[in-house]
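We number each residue from 1, following the sequence as shown.
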Amino acid sequence: MARHNRDGQGVDQRGYQYDISYQPDWLRHVKVTRDLETGRQSTKTLFRNPAERREAEPGERVRTRISSAEQNLDFEVAISDPLGAVRRIRVVYEIAGPGGNREEDVELTLERLRQGD
């Protein structure tokens with residue numbers, strides 16, 4: 001039986017704080033990718049699940065919520081995965097600047113625990 005979500009936190013390349021609500025038997029880590037002023041990209045592990053291995057099967061429905069109040073970022077991913085085949089989820093979130101105009105895109109990658117982890 002799947003367990004209830006846990007809460008975690010992380011800080012990205014620019015010092016923004018994130019809150020993560022995650023399923024402890026599915027999520028391995030969350031990475032954040034941002035464009036730098038130089039035109040290159042920077043990827044950082046935002047959060048790593050402190051559990052060393054699964055304690056239960058994750059269940060058919062996978063839910064993860066990520067928010068950052070400083071950036072007005074808030075979303076939840078919920079998918080049905082009855083075969084346990086989804087390995088990675090990528091979300092590109094559009095950050096709005098002053099006046100509601102697009103300021104930048106932030107990519108968040110959620111990766112699952114592997115079988116046996």
Side-chain angles (χ1 to χ4, degrees):
M1 174 186 275
R3 298 184 298 151
H4 294 289
N5 275 22
R6 303 289 187 263
D7 294 320
Q9 287 139 7
V11 177
D12 74 4
Q13 303 91 319
R14 296 192 181 158
Y16 291 115
Q17 178 77 35
Y18 291 77
D19 294 313
I20 298 113
S21 174
Y22 67 99
Q23 288 179 281
D25 298 309
W26 187 87
L27 186 71
R28 179 185 187 95
H29 60 245
V30 176
K31 291 187 178 187
V32 60
T33 302
R34 300 186 92 110
D35 290 330
L36 302 174
E37 292 78 21
T38 62
R40 298 182 66 167
Q41 284 189 331
S42 172
T43 299
K44 179 182 181 193
T45 299
L46 181 64
F47 172 79
R48 186 175 307 279
N49 186 343
E52 294 184 22
R53 61 182 176 12
R54 290 180 178 176
E55 290 183 22
E57 286 301 311
E60 287 188 17
R61 187 172 157 97
V62 177
R63 288 186 316 116
T64 303
R65 182 175 182 187
I66 299 176
S67 62
S68 173
E70 299 166 293
Q71 299 176 92
N72 201 26
L73 179 150
D74 190 5
F75 69 92
E76 181 175 85
V77 173
I79 61 168
S80 177
D81 184 21
L83 301 177
V86 174
R87 294 183 9 224
R88 185 177 299 131
I89 301 167
R90 287 191 178 134
V91 175
V92 178
Y93 197 95
E94 186 176 282
I95 303 290
N101 296 328
R102 180 188 166 278
E103 184 172 297
E104 71 173 313
D105 291 338
V106 175
E107 181 176 311
L108 296 123
T109 304
L110 294 68
E111 194 160 322
R112 78 164 191 212
L113 284 167
R114 291 185 301 254
Q115 213 72 10
D117 282 353

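With salt bridges taken as basic N to acidic carboxylate O contacts below 4.0 Å, none links Asp12 and Lys44. Between Glu104 and Arg14 there is a salt bridge, with a side-chain nitrogen of the basic residue lying less than 4.0 Å from a carboxylate oxygen of the acidic one. Between Arg88 and Glu111 a salt bridge is recorded (basic side-chain N to carboxylate O distance below 4.0 Å).
Tyr22 has its side chain within reach of Asn49: a pair of non-hydrogen atoms, C-beta onward, lies under 4.5 Å apart. The shortest side-chain heavy-atom distance between Val11 and Tyr18 does not fall under the 4.5 Å cut-off. Residues Leu108 and Leu46 are in side-chain contact: their nearest non-hydrogen atoms beyond the backbone lie under 4.5 Å apart. When side chains are defined from C-beta on, Pro58 does not count as touching Gln23, because their heavy atoms never get closer than 4.5 Å. Looking at Arg61 and Ser80, their side chains never come closer than 4.5 Å, going by heavy atoms from C-beta outward. Between Asp105 and Asp35, every side-chain heavy-atom pair lies at or beyond the 4.5 Å cut-off. With a 4.5 Å cut-off on side-chain heavy atoms, Arg112 and Arg87 count as touching.
Checked by atom type, the side-chain pair Tyr93/Glu107 shows no donor-acceptor distance below 3.5 Å.
Within the model, atoms OG of Ser68 and CG of Leu73 stand 6.0 Å from one another, a figure rounded to the nearest 0.5 Å. Note: Asn72 CG to Glu103 CD = 11.5 Å, rounded to the nearest 0.5 Å. Note that CG of Asp19 and OG of Ser67 are 4.5 Å apart. Values are rounded to the nearest 0.5 Å. Here CD1 of Ile79 is found 12.5 Å from CZ of Arg63. Values are rounded to the nearest 0.5 Å.
Of the possible donor and acceptor atoms, one in the side chain of Asp25 sits under 3.5 Å from a partner among the backbone N and O of Glu55. Between the side chain of Ser21 and the main chain of Thr64, no donor-acceptor pair closer than 3.5 Å is present.
Only one option out of Ile95, Ile66, Val92 pairs with Val106 in a side chain to side chain contact (heavy atoms under 4.5 Å, CB included); it is Ile95.
Of all non-hydrogen atoms in Leu113 and Pro24, the two that sit nearest each other are CD1-O, 3.6 Å. Contact between Glu70 and Tyr16 at its shortest, heavy atoms only, is OE1-CA, 3.4 Å. Considering every non-hydrogen atom in both Asp81 and Val86, the closest pair reads OD2-N, 3.1 Å. Closest approach of Thr45 to Lys31, counting heavy atoms only: OG1-CE, 3.7 Å.
More than 12 heavy atoms of other residues, nucleotides or ligands sit less than 6.0 Å from atom CZ of Arg34. Open room surrounds CZ on Arg65; 12 or fewer heavy atoms of other groups in view lie less than 6.0 Å from it.
By the criterion of side-chain heavy atoms lying less than 4.5 angstrom apart, applied directly or through intervening Ile, Leu, Val, Met, Phe, Trp or Tyr residues, Ile20 is grouped together with Val62 in one hydrophobic cluster.
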